[in-house]
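These notes concern the structure reproduced below.
In what follows, chains are A, B, ... by sequence order, proteins preceding strands, each numbered from 1.
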Protein chains: 4
Amino acid sequence: MANSKYGYVKNFELPDPVLPDTFMLFRLDGHSFHRFTDVHGFEKPNDVRALELMDHAARSVMEEYPDIVLAFGESDEYSFLLKRSTSLYNRRESKIVTTLTSLFTSCYVLYWPKYFPDKPLQYPPSFDGRIVPYPAERHIRDYFAWRQADTHINNLYNTTFWALVQQGGQTTTEAHATLRGTFSKDKHEILYSRFKINYNQLDARYRKGSILVREEEPEVPEAQSEARSEGQVRAPEGPTTETMTVSTDATPSSVVLTEPAQPKEKKNKKASKKAKPATLIVLLHCDIIKDDFWNERPTLLAH
Amino acid sequence: MANSKYGYVKNFELPDPVLPDTFMLFRLDGHSFHRFTDVHGFEKPNDVRALELMDHAARSVMEEYPDIVLAFGESDEYSFLLKRSTSLYNRRESKIVTTLTSLFTSCYVLYWPKYFPDKPLQYPPSFDGRIVPYPAERHIRDYFAWRQADTHINNLYNTTFWALVQQGGQTTTEAHATLRGTFSKDKHEILYSRFKINYNQLDARYRKGSILVREEEPEVPEAQSEARSEGQVRAPEGPTTETMTVSTDATPSSVVLTEPAQPKEKKNKKASKKAKPATLIVLLHCDIIKDDFWNERPTLLAH
Amino acid sequence: MANSKYGYVKNFELPDPVLPDTFMLFRLDGHSFHRFTDVHGFEKPNDVRALELMDHAARSVMEEYPDIVLAFGESDEYSFLLKRSTSLYNRRESKIVTTLTSLFTSCYVLYWPKYFPDKPLQYPPSFDGRIVPYPAERHIRDYFAWRQADTHINNLYNTTFWALVQQGGQTTTEAHATLRGTFSKDKHEILYSRFKINYNQLDARYRKGSILVREEEPEVPEAQSEARSEGQVRAPEGPTTETMTVSTDATPSSVVLTEPAQPKEKKNKKASKKAKPATLIVLLHCDIIKDDFWNERPTLLAH
Amino acid sequence: MANSKYGYVKNFELPDPVLPDTFMLFRLDGHSFHRFTDVHGFEKPNDVRALELMDHAARSVMEEYPDIVLAFGESDEYSFLLKRSTSLYNRRESKIVTTLTSLFTSCYVLYWPKYFPDKPLQYPPSFDGRIVPYPAERHIRDYFAWRQADTHINNLYNTTFWALVQQGGQTTTEAHATLRGTFSKDKHEILYSRFKINYNQLDARYRKGSILVREEEPEVPEAQSEARSEGQVRAPEGPTTETMTVSTDATPSSVVLTEPAQPKEKKNKKASKKAKPATLIVLLHCDIIKDDFWNERPTLLAH
């Protein structure tokens, strides 16, 4: 066979398993998104269309990969937690990190027109990804606290910065100068006294970021379940998954069931085959630094 | 600062540099493309639209990353060679492999409608990627020989298989049975005696795969250069790059200059800044197993 | 400087940190010890001199490296547990695994004449080593259970095998044949009915292996402490450490304080400088599969 | 079986193959040898006994591992080159680096009394080791040039430093001050003008370090071969190896055959079995920066 002579080159592909029984944290970031947001005219300090597109792509990744139990997004980055027992692709790091990055990218480009109907993509956006293994639950708690604290710091700065520019008439250079050396309370004060903005009443999405968490699905009547399956774009291969949006925190909450992941026929077939509990993916904008979120989900980090 | 308490979680991101002064071979493969080609009705044994889309995406990746000097594509896979001296992203493996996989995926989805105008994507396609380091030039020669030999074997099998099915009226099961245990010459004989197909006269694209190679650009008059810049979608960040398609081998060749990578203004500015020779990316469908291809490009593996 | 031209070769030394906050398990095994035990006439099934030499070398390694909190030895292998918080050599894997293997080897050769006074080494023995990172406490529990279960299985087999050969007059081939397919209870029965050996009354060292565990030192009067320091061979660099032997289990126990690790002067100086509690290393031959051993040492895996 | 329940812990041992077809450079260094040389009263600037002991240990390692084709030693470090095609221990890094470090350490301690008959070891010395993969021949050339340039720089400094102290009556602080900012020619001048020392006529061992190179053995008459086998301490497992010392460079050369590695009986048996050419290990103190050494051994880096 022709390949036998050259096939030895496969031996240079070295194994790259992630250490067993560690949590895998997969994070991706927009590549050169400063330029990308400029070219595509993103609104400042936050563009809700862009954030919803990120959430949509992240949700699609979670629907496809049932071993992802939690995700957190802010700005142009998203973090995904794979449960520690996952044997996805035999825990091969390159395989996992590239496949997930690729699927997210694919969704981002494919669903772009839904969120930016009047603004076609000027060039192909890309993301970089990495996997970080964490040995213990408290690392995971601290990881997500790290990202949400980062969200808070960035958003408070950006909100104040753009208020100074857009409403206060400062140049960007002046606005940076105004903010140099200020603490959180100073920025709150600037927002409130100059612009009548109560930071804590801004949309929780901006202040808390987006949390996507997989929850077991409550029982739903057949008819309702069926009704929801309109507009379905694809059937993921994992166990049945539905999605739901919950806005929480200081701002008014609303619960909207969106984009059920599977047509009823397939779902029933799979459910009978796999006998796994159906799950649904819930979108939240709540605190994940304190204990409440975790105490309410005691099995989230259990497996 | 809020982050100081949690920032330690960054320490779990371990360094992953690729060994210095080795060639990096980046290969990506379509994820579950058997299903993808079914759902999207790809023609058998080869769908020229799909192959041209792969070439387009690969070319865009090469335009963006000047350290990629050679690429080879067949079916739903593409291999890219980064020169051994590259310091792209400080040779961090995850960063390189995810960014390249992401950009390729992004191009694939973004340019899909150009090649399948009547067939919208049913769901987001994805790819997996890997980087393999090779110490020596002969490994690179053998790597590309390995892929092209694979192309030949697969294409001869598939061509005969689908002739038996589409023209010979066999079921797929019967066709597999017919081919079991046959050698190359047997398949050539089946194609010729039953279906009047001379395998060696089929499109070189199918028999040899796609080679994208970066070559130094010949001097071109300003006017012509300018004329070519229409339809430009984006300006890559690397040195100036243009692209060209060359069909070679037994089938008639044609040279078509396509998709110049940069508007003239930026190009001139960059050229004067960097003083690097402009390069162009040429698409070939020629033999890369024998010495000729390599002898004609003595500097290809030199850096 | 002459080195600047060649110094780039250092860049090929890639970083190899062990994942933070994981337990490191360092295990070493005798290299080709089947031949080594033959050449040096080790007694079968167990040579107490050889086992005590292994314990001595292991103890010396623990005295030198305070971050090793537990060790387990059987036959020609020894396992060492480094606490999960250790920053020894910045957790560089090669540095740790080679230094520990080297020190153990050095001790083995240096202390050999003490245990085999009439039998000079015929050639240099060597060991191989590895480090395995474990994320969770239960992995450590199971690791040590794995090794002690292995000790039991091997020792029961070997004890019965050599009884058949040495007392039963069988050839080694016959003895292997006799034991083929037998269960534990069969071997117990053979030992008792044919050779009047009650396996459970054999020396716990052989049945349970050797456990070296670091414990906080009880307060001792100065005079006694001083008296123990005779015969001291070296002063380790870590915090003060003393050693103690405890035979436990079914066989009669005795407590012998041996080889205090430091002369009093240095110890006092260091103690005042570091203000760490003095520890002592205790040798046990007890069960470490059940919970008792671990429950009695609640802080053993805490750091 | 008792192990089945715990055996999963073996899965945490991750594979660690060295990239195929790269040269492996194994280097070891004395651990805390500043203190070790003080405690054991090594002569300054060079202790020939200590250097010969290093050479002896290195030679023993080469005798045991035929895939080591070259070694270079200076002070308390030694570098070993394994040929690029080696499949030693399936190229598992931990296995190779620990076994080689262990064997070297074992030899160092075992042969110590031969070189320091009046000075027993005060405590067990240890070494750390590492393996560095190199893709190309020129990296190997540059690696050895790097080490020999280092030898030169260090030895010139130390020789001048200790002349100032031992013969010039300076304190060590004064001697360091005298040498601060000096170039090579200044040190040569100090040595010659103040102490009548012609640096270039010092023992090549000190100026060039020790090179151990494996060469094919010339045919020798049986009787001579047999006569040389007295005093043999061990029979290595690889192909037949003998050793030879060659002092080269500016100082007078002498060739002394020492320590043939195998008794004649075993050697003949092996030779007939393996039919590999016998090799001998030659000790040199010559230049390995320039081309001559390498041109004379065209096959040294070939495999």
Side-chain angles (χ1 to χ4, degrees), chain A residues 1-3 5-10 12-14 16 25 28 31-32 57 60 64 89 93-95 97-111 121-135 139 142-143 145-147 149-150 152-153 184 233-235 237 289, chain B residues 1-3 5-10 12-14 16 25 28 31-32 57 60 64 89 93-95 97-111 121-135 139 142-143 145-147 149-150 152-153 184 233-235 237 289:
Chain A
M1 169 169 158
N3 271 2
K5 187 177 166 190
Y6 306 122
Y8 79 90
V9 298
K10 260 194 83 62
F12 291 77
E13 296 180 23
L14 302 184
D16 65 343
L25 205 302
L28 52 74
H31 179 66
S32 296
S60 297
E64 185 70 16
Y89 303 136
E93 182 172 343
S94 277
K95 178 85 174 178
V97 77
T98 56
T99 307
L100 296 184
T101 304
S102 179
L103 180 57
F104 187 95
T105 305
S106 190
C107 295
Y108 192 91
V109 177
L110 185 59
Y111 303 138
L121 276 170
Q122 299 299 300
Y123 64 86
S126 59
F127 295 84
D128 65 65
R130 77 197 64 197
I131 282 178
V132 188
Y134 287 105
H139 303 138
D142 288 346
Y143 177 86
W146 178 53
R147 298 325 300 145
D150 185 77
H152 170 71
I153 290 166
S184 281
V233 288
R234 67 175 307 219
E237 295 168 359
I289 297 179
Chain B
M1 164 166 163
N3 271 3
K5 186 177 168 189
Y6 307 122
Y8 80 90
V9 297
K10 259 193 83 62
F12 291 77
E13 294 179 24
L14 302 185
D16 66 341
L25 205 300
L28 53 74
H31 179 67
S32 297
S60 297
E64 184 71 16
Y89 303 135
E93 183 172 342
S94 276
K95 177 85 172 177
V97 77
T98 56
T99 307
L100 297 183
T101 304
S102 179
L103 180 56
F104 187 95
T105 306
S106 190
C107 294
Y108 192 91
V109 177
L110 185 59
Y111 302 139
L121 276 169
Q122 299 298 300
Y123 64 87
S126 59
F127 296 84
D128 65 66
R130 76 198 64 198
I131 282 179
V132 187
Y134 287 104
H139 303 138
D142 288 346
Y143 177 86
W146 178 53
R147 299 323 303 145
D150 185 77
H152 170 72
I153 290 166
S184 281
V233 288
R234 67 176 307 216
E237 295 167 359
I289 297 178

Aromatic rings His139(A) and Phe12(B): how do their planes relate, parallel, tilted or perpendicular, breaks at 30° and 60°?
-> tilted
Do you know which of Tyr108(B), Phe104(B), Phe127(B) has the most heavy-atom pairs with chain A at a distance under 4.5 angstrom?
-> Phe127(B)
What option among Pro133(B), Ser106(B), Pro135(B), Cys107(B) has the most heavy-atom pairs under 4.5 Å with chain A?
-> Ser106(B)
Donor-acceptor side-chain pairing of Thr105(B) and Ser102(A) below 3.5 angstrom | yes
Before giving the answer on side-chain contact (heavy atoms from CB on, under 4.5 Å), spell out for Lys5(A) and Trp146(B) the whole-Å C-alpha distance, their side-chain angles and the decisive distance to 0.1 Å.
-> CA-CA 8 Å; Lys5(A) 187 177 166 190; Trp146(B) 178 53; over 6 Å; no
Counting C-beta onward and ignoring hydrogens, is there a side-chain heavy-atom pair between [X] and [Y] closer than 4.5 Å?
{"X": "Pro124(A)", "Y": "Leu103(B)", "answer": "yes"}
{"X": "Ile289(A)", "Y": "Tyr6(B)", "answer": "yes"}
{"X": "Ile131(B)", "Y": "Ser94(A)", "answer": "no"}

Give, for atom CG of Leu110(A) and atom CG of Leu110(B), the distance between the pair rounded to the nearest 0.5 Å.
-> 11.0 Å
Interatomic distance, CD@Glu13(B) vs CZ@Arg130(A), rounded to 0.5 Å, equals 4.5 Å
Could you report the tightest heavy-atom contact between [X] and [Y], atom names first, then the distance?
{"X": "Asp128(B)", "Y": "Thr98(A)", "answer": "CA-OG1, 3.6 Å"}
{"X": "Asp142(A)", "Y": "Tyr8(B)", "answer": "OD2-OH, 2.6 Å"}
{"X": "Val9(A)", "Y": "Tyr134(B)", "answer": "O-OH, 2.7 Å"}

When the 4.5 angstrom heavy-atom criterion is applied to Leu14(A) and chain B, the contacting part is neither
Given the options Leu121(A), Thr99(A), Leu25(A), which has more heavy-atom pairs under 4.5 Å with chain B than any of the others?
-> Thr99(A)
